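This structure is a prediction, so every number in the text was calculated from the model and none was measured.
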Amino acid sequence: MPSADALARAGELHRSLTVVECHGDVPMDVWRRRRAGERAPIADDYLGRWRTAGVDVEFMTVGGDMPLTMDAVGRPELRALELIDDVVSDAEACPGVRVVRSRADLDEALAAGQVALVLHLEGLMPVKGRVDLARTLHRLGVRSAQPTWNVRNEVADGIGEPSPAGLSAAGREVIAELDRLGVLLDVSHLAPAGFWELTELVRGPIVASHANAAALCRHPRNLEDDQIRAIAASGGLVGAVFFPAFIGSEPTLERLIDHVDHLVEVAGIDHVGVGPDYVDFARDLMVADMTYGGSSVYAPDGFDFPEGLRRVETLPVFTAGLLERGYAEADVARILGGNMLRVLRQVLP
């Protein structure tokens, strides 16, 4: 663990800076808790967790390609509608949070001290390769989207496909329309062929909200240096992820900061963020999705985040690690949220 002095400085920074958690799966837990009878899990539970961590902007996965939690018996578009309604209805009843659909929404939420929620799709199965469904989900508030999770859908192939191809013809139309509408394109989980095709299609910044450096850990979810440079050249960023399989055989805080160092060296300090991908609140659901069908690109027993970093409330420990590594506070501010704020303000309508 970092020193007490570093932890105290980190706590102060989280209270004074804008902190953006670039990837989160909270809605899958909200979905099941609301159906178990809870009325407002975001207001009653998650808002307090985010406040403790100093999180000001939270990306919320409200649909995607996951085979169990996002599928709804073959109707992923219906599950996305349920997840969106859960988040929006909970947020509308809670003055401490706000779903943001525009730059003005984002700025007003931050000025009011609210936690800004960005609705995200972790894979485009809910869109079914249809531009009209992409527009509909945009009208409902979706402002960030990954073309894929690990598998193949109507848009592209994920990194879990044994012989992955690039974007489909329908996928190119959908990606172009999402870009036109002001939806942030996120290449996390996207197979390399699709990655390079997407970089040619999208006009503005692209991100990998939760990925680390393949140079330090040879995992298919991590990015090669040329991919990192392409994301930086677009004006986007890579969000360092805390998931142990993407850190290495010894998933420690020190090794995680090594990934940050590499991302900064390759991309530059203005193109790195933080996308922890916490699983503590839905570990059972994550394991079920990731091991469905008997195969996985993850080790099913490897879901323990670095010691001291296993819940969003412990996010300042990561910041303390950056400080002890020698990062200046101005650079920590960029990584914690400043870089993603710049990207959002450029992309959002």
Side-chain angles (χ1 to χ4, degrees), residues 18-35 38-51 53-64 69-70 76-124 126-127 133-146 178 181-186 207 209-210 239 273 275 277-278 281-282 312 337 340-349:
T18 299
V19 178
V20 181
E21 191 177 351
C22 297
H23 182 78
D25 293 303
V26 165
M28 67 169 59
D29 185 47
V30 172
W31 184 90
R32 68 171 169 183
R33 288 168 65 169
R34 283 171 65 94
R35 278 144 194 83
E38 291 188 50
R39 295 183 59 186
I42 292 175
D44 295 341
D45 184 8
Y46 283 103
L47 177 58
R49 298 191 195 190
W50 295 327
R51 294 288 194 213
V55 170
D56 301 287
V57 182
E58 177 76 17
F59 279 69
M60 301 282 276
T61 300
V62 290
T69 57
M70 302 293 177
E77 73 281 14
L78 296 184
R79 180 54 49 83
L81 294 178
E82 293 173 343
L83 289 160
I84 290 169
D85 183 68
D86 285 343
V87 173
V88 171
S89 60
D90 202 338
E92 287 178 344
C94 177
V97 299
R98 178 172 179 169
V99 175
V100 298
R101 299 172 175 86
S102 66
R103 288 189 295 270
D105 286 343
L106 176 64
D107 291 338
E108 289 169 11
L110 295 176
Q114 297 172 303
V115 176
L117 306 181
V118 181
L119 303 189
H120 172 76
L121 295 177
E122 191 160 11
L124 289 175
V127 171
L133 288 180
R135 291 183 187 129
T136 296
L137 290 168
H138 174 265
R139 290 187 187 104
L140 294 174
V142 169
R143 293 295 182 269
S144 173
Q146 297 168 218
L178 290 173
L181 290 169
V183 174
L184 178 63
L185 275 304
D186 182 347
V207 303
S209 64
H210 55 305
D277 200 8
Y278 288 114
F281 50 81
V312 69
M340 183 54 96
L341 280 182
R342 182 195 73 245
V343 170
L344 284 172
R345 286 178 174 137
Q346 183 173 345
V347 173
L348 286 174

* Residues which pass side chain to side chain contact (heavy atoms under 4.5 Å, CB included) with Ala91, listed by chain and number, not counting sequence neighbours -> Val97, Val99, Leu117
* Pair Asp86 + Arg35: basic N to acidic O under 4.0 Å -> yes
* To do: Run the numbers on Leu341 and Leu110 for side-chain contact (heavy atoms from CB on, under 4.5 Å), then give the verdict.
  => CA-CA 11 Å; Leu341 280 182; Leu110 295 176; 3.9 Å; yes
* Which heavy atom in Gly96 sits nearest to a heavy atom in Arg51, and how many Å separate them? -> O-NH2, 3.5 Å
* Ala116 to Leu106 - nearest heavy-atom pair and separation -> CB-CD1, 4.0 Å
* Min side-chain heavy-atom separation Val312-Glu21 under 4.5 Å -> yes
* Take Cys94 and Ile42 through the side-chain contact (heavy atoms from CB on, under 4.5 Å) test and state the conclusion after the steps. => CA-CA 8 Å; Cys94 177; Ile42 292 175; 5.6 Å; no
* To do: Dump the intermediate steps for side-chain contact (heavy atoms from CB on, under 4.5 Å) on Ser209 and Phe59, then the final yes or no.
  => CA-CA 9 Å; Ser209 64; Phe59 279 69; over 6 Å; no
* When you measure from the side chain of Gln114 to the backbone N and O of Pro95, does any donor-acceptor pair fall under 3.5 Å? -> yes
* From Asp186 CG over to His210 NE2, what is the distance, rounded to the nearest 0.5 angstrom? -> 6.5 Å
* Could you tell me whether a side-chain N or O of Arg39 sits under 3.5 Å from a main-chain N or O of Arg34, the two making a donor and an acceptor? => no
* **Closest non-hydrogen atom pair between Leu140 and Leu119, with its separation** => O-CD1, 4.0 Å
* Shortest non-hydrogen separation from Thr61 to His23 and the atoms involved -> OG1-CE1, 3.6 Å
* Asked: Could you go step by step and tell me if Leu178 and Leu124 meet the side-chain contact (heavy atoms from CB on, under 4.5 Å) rule?
  -> CA-CA 11 Å; Leu178 290 173; Leu124 289 175; 4.0 Å; yes
* To do: Flag the pair Glu38 / Asp45 as yes when at least one side-chain heavy-atom distance between them is below 4.5 Å, and no otherwise.
  => no
* What pairs with Glu82 under salt bridge (Lys or Arg N to Asp or Glu O under 4.0 Å), at least two apart in sequence or on another chain? -> Arg79
* Structure fact -> For Leu133 and Pro126, the nearest pair of non-hydrogen atoms, with its separation, is CD1-O, 3.8 Å
* Distance from His120 atom NE2 to Leu83 atom CG, nearest 0.5 Å? -> 12.5 Å
* Using a distance-only test with no angle check, is there a side-chain donor-acceptor pair under 3.5 angstrom linking Tyr46 and Asp90? -> no
* To the nearest 0.5 Å, tell me how far Asp277 CG sits from Cys22 SG. => 11.5 Å
* **Distance (rounded to the nearest 0.5 Å) between Asp105 CG and Leu348 CG** => 8.5 Å
* Over all atoms of both residues, closest heavy-atom pair of His138 and Val183 -> CD2-CG2, 3.7 Å
* Structure fact -> When rounded to the nearest 0.5 Å, the distance separating CG of Leu184 from CD of Gln146 is 10.0 Å
* Pick from Arg101, Arg103, Arg98: which one makes a salt bridge (Lys or Arg N to Asp or Glu O under 4.0 Å) with Glu108? -> Arg98
